[in-house]
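Okay, so here's the structure we're looking at.
So that the names make sense, note that chain A is the first sequence line, chain B the second, and so on, each numbered from 1.
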Amino acid sequence: MSSLDEVRRIVHDVPRGQVITYGEIAALIQTSPRHAGRLVSQLGDGSPWWRVVYSDGSPATCHNGAAPSMLAHEAIPMCGDRVDIRRARAHRPKA
DNA sequence: GTTATGACTCCAG
DNA sequence: ACTGGAGCCATAA
């Protein structure tokens, strides 16, 4: 089981209408936040990468800023230009 | 084995 | 609240 699978499962485990931070993923797989983002990028387009946001709720800076659009389309609680991480933050999948 | 890079986060100003 | 700099781990060359 590679960390990539772990991340992929976590990202897929995030219910619609909620998001998860890179730091949360990094903590779950026991690695640094730097690698967390890298793994999510490697997931490809087959996973809801847009549900993964920064620790302060800002969406990923990639995809030419398409993430906010996806978040809004997913009925994610947003606060201005950032996600309302306070409300949308997904809890741990509880292994 | 070493160097360079990346979808991050934290601390200080 | 915003900006800038440093740290970190893994993969690729």
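Rounding to whole angstrom units, CD of residue Glu24(A) and P of dT9(B) are separated by 11 Å. Gln30(A) has its CD atom 16 Å from the P atom of dT9(B), to the nearest Å. Separating the CZ atom of Arg38(A) from the C1' atom of dA12(C) is a distance of 8 Å, rounded to the nearest angstrom. To the nearest angstrom, C1' of dT9(B) lies 15 Å from CD1 of Ile20(A). Per the geometry, CG belonging to Asp5(A) stands 16 Å off P belonging to dA10(C), to the nearest Å. The distance between atom CD1 of Ile29(A) and atom C1' of dC8(C), rounded to the nearest whole Å, is 13 Å. Atom CG in Leu4(A) sits about 11 Å away from atom P in dA12(C), given to the nearest Å. Taking atom NE2 of His35(A) as the reference point, atom P of dC9(C) lies 11 Å away to the nearest angstrom.
The nucleotide whose nearest atom lies closest to any side-chain atom of Arg82(A) is, among dA7(B), dC2(C), dC9(C), dC2(C). Comparing dT9(B), dC9(C), dA7(B) against the side chain of Thr21(A) picks out dT9(B) as the nearest.
In the model, His12(A) has a side-chain atom that pairs as donor or acceptor with a side-chain atom of Ser47(A) under 3.5 Å.
The 12-atom threshold is exceeded at CZ of Arg16(A), counting heavy atoms of other residues, nucleotides or ligands nearer than 6.0 Å. Applying the 6.0 Å contact sphere to CG of Asp81(A) captures no more than 12 heavy atoms from other residues, nucleotides or ligands.
Distances shorter than 4.0 Å separate none of the side-chain N or O atoms of Thr31(A) from OP1 or OP2 on dC8(C).
Close placement of the His63(A) and Trp49(A) rings is indicated, their centers lying within 6.0 Å of each other.
Comparing Pro33(A) and Gln42(A) by the nucleotide of DNA chain C whose heavy atom lies nearest to each, the residue mapping closer to the 5' end is Pro33(A).
Contact annotation for Tyr54(A): backbone-only contact, meaning every heavy-atom pair under 4.0 Å involves sugar-phosphate atoms and none involves a base.
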